[in-house]
S.K.: 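Can you read through this structure? Questions will come right after.
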Amino acid sequence: MDAGHVDQAGLAPQHLGGHRSHQPVERLGAVTEYRIRPGSGGAGAWRGGDGVVREYVMEADQDLSLWWERSVTPAWGLFGGEAGEPPRVVLNPGTEHAREMLKANSLRVRKGDVLRCESGGGGGYGTPAE
């Protein structure tokens, strides 16, 4: 399963459900990148699903709160499969002010700031050599 499918928790990154005007992510900023995160799934006889990359440009000064899970213990593999890549979130990537974080509470961001979110990959299943 890659990022375009619903996982066991019922999450589908391409649709949050409900009326879009009620989704806080709309206030976050303009989406400038949205793609599969290649190679983020763990190796295995059946490779783990790849995560996604989303990049947003802030359209206004605002407070940002984040809470990403599986940062210390990424999705593990089973029966010899390898773990997937952990998530990664960077504010203003590729600049001298780049800041990596996975959790933030009311972090002040400015108009024009870039937030890059990379979801973690799933764990592989079975020994990769199989």
Side-chain angles (χ1 to χ4, degrees):
M1 169 177 60
D2 280 333
H5 297 86
V6 176
D7 66 13
Q8 290 179 347
L11 301 175
Q14 74 273 23
H15 177 64
L16 296 173
H19 192 274
R20 290 185 45 84
S21 66
H22 300 292
Q23 301 298 334
V25 74
E26 287 191 44
R27 295 181 177 260
L28 187 58
V31 176
T32 57
E33 184 176 1
Y34 182 46
R35 63 179 174 82
I36 299 291
R37 183 181 175 195
S40 58
W46 289 276
R47 186 167 189 82
D50 286 330
V52 296
V53 175
R54 285 182 225 142
E55 194 168 276
Y56 305 89
V57 175
M58 303 300 121
E59 295 178 330
D61 293 357
Q62 58 191 303
D63 293 328
L64 176 68
S65 294
L66 300 169
W67 192 273
W68 285 70
E69 294 295 334
R70 289 282 181 200
S71 55
V72 175
T73 311
W76 56 83
L78 291 174
F79 304 110
E82 296 178 11
E85 290 292 319
R88 184 171 179 254
V89 178
V90 184
L91 182 63
N92 295 317
T95 70
E96 64 184 50
H97 303 291
R99 180 175 173 188
E100 288 200 32
M101 67 190 96
L102 292 170
K103 294 176 174 50
N105 188 18
S106 296
L107 174 69
R108 192 68 177 162
V109 293
R110 305 285 178 210
K111 181 177 181 178
D113 281 348
V114 174
L115 182 69
R116 182 180 183 88
C117 303
E118 302 177 3
S119 66
Y125 181 90
T127 305
E130 291 179 5

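All residue numbers refer to positions in the sequence shown, counting from 1.
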S.K.: Search all heavy atoms of G51 against all heavy atoms of S119 and return the closest pair with its distance.
M.R.: CA-OG, 3.3 Å
S.K.: Would you say the side chain of E85 lies within less than 4.5 Å of the side chain of R37, judging by non-hydrogen atoms?
M.R.: yes
S.K.: For a 4.5 angstrom cut-off between non-hydrogen side-chain atoms, does V109 reach L115?
M.R.: no
S.K.: With no hydrogens and no angle check, is any side-chain donor or acceptor of D50 less than 3.5 Å from a backbone partner on G41?
M.R.: yes
S.K.: What distance separates E59 CD from K111 NZ, expressed to the nearest 0.5 Å?
M.R.: 8.5 Å
S.K.: Identify, with sequence neighbours excluded, every residue that meets side chain to side chain contact (heavy atoms under 4.5 Å, CB included) alongside A43.
M.R.: R47, E82, P128
S.K.: For the residue pair M58 and R110, what are the closest heavy atoms and their distance?
M.R.: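 Looks like CB-O, 3.4 Å.
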S.K.: Which word best sums up how the rings of F79 and Y125 line up, parallel for under 30°, tilted for 30 to 60°, or perpendicular for over 60°?
M.R.: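 Correct class here is perpendicular.
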S.K.: Using the rule that two of Ile, Leu, Val, Met, Phe, Trp, Tyr join whenever any of their side-chain heavy atoms come within less than 4.5 Å, decide whether M101 and V90 are in one cluster.
M.R.: no
S.K.: Considering only Ile, Leu, Val, Met, Phe, Trp and Tyr, and joining two whenever side-chain heavy atoms are under 4.5 Å apart, list the other residues clustered with V57.
M.R.: V114
S.K.: Heavy atoms only: give me the nearest I36-P38 pair and the separation to one decimal.
M.R.: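 Nearest heavy atoms, I36 then P38: O-CD, 2.9 Å.
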S.K.: Closest heavy-atom contact between T32 and Y56?
M.R.: OG1-N, 4.3 Å
S.K.: Following the transitive rule for hydrophobic clusters with a side-chain heavy-atom cut-off under 4.5 Å over Ile, Leu, Val, Met, Phe, Trp and Tyr, establish whether L64 and V31 coincide in one cluster.
M.R.: yes
S.K.: Hey, any chance W76 and W46 share a hydrophobic cluster, counting ILVMFWY side chains that come within less than 4.5 Å of each other, even indirectly?
M.R.: yes
S.K.: Which pair of non-hydrogen atoms, one from A98 and one from P93, has the smallest distance, and what is that distance?
M.R.: CB-CA, 4.2 Å
S.K.: With the side chain counted from C-beta on, respond yes when L91 and L107 share a heavy-atom pair under 4.5 Å apart, and no when they do not.
M.R.: yes
S.K.: Under 3.5 Å, is there a donor-acceptor pair between the side chain of T127 and the main chain of A129?
M.R.: no
S.K.: Can you find a pair of side-chain heavy atoms, one from S65 and one from S106, that are under 4.5 Å apart?
M.R.: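 When only atoms from C-beta onward are counted, S106 and S65 do touch, with a gap below 4.5 Å.
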S.K.: I need the full list of salt bridge (Lys or Arg N to Asp or Glu O under 4.0 Å) pairs touching residues 94-103, with sequence neighbours left out, sorted by first then second residue.
M.R.: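 As it turns out, the salt bridge (Lys or Arg N to Asp or Glu O under 4.0 Å) pairs with a partner in residues 94-103, which skip direct neighbours, are R88-E100.
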S.K.: Specify the closest pair of heavy atoms between G84 and P74, including all atoms of both residues, with the distance to one decimal.
M.R.: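 That closest heavy-atom pairing would be O-CB, 3.2 Å.
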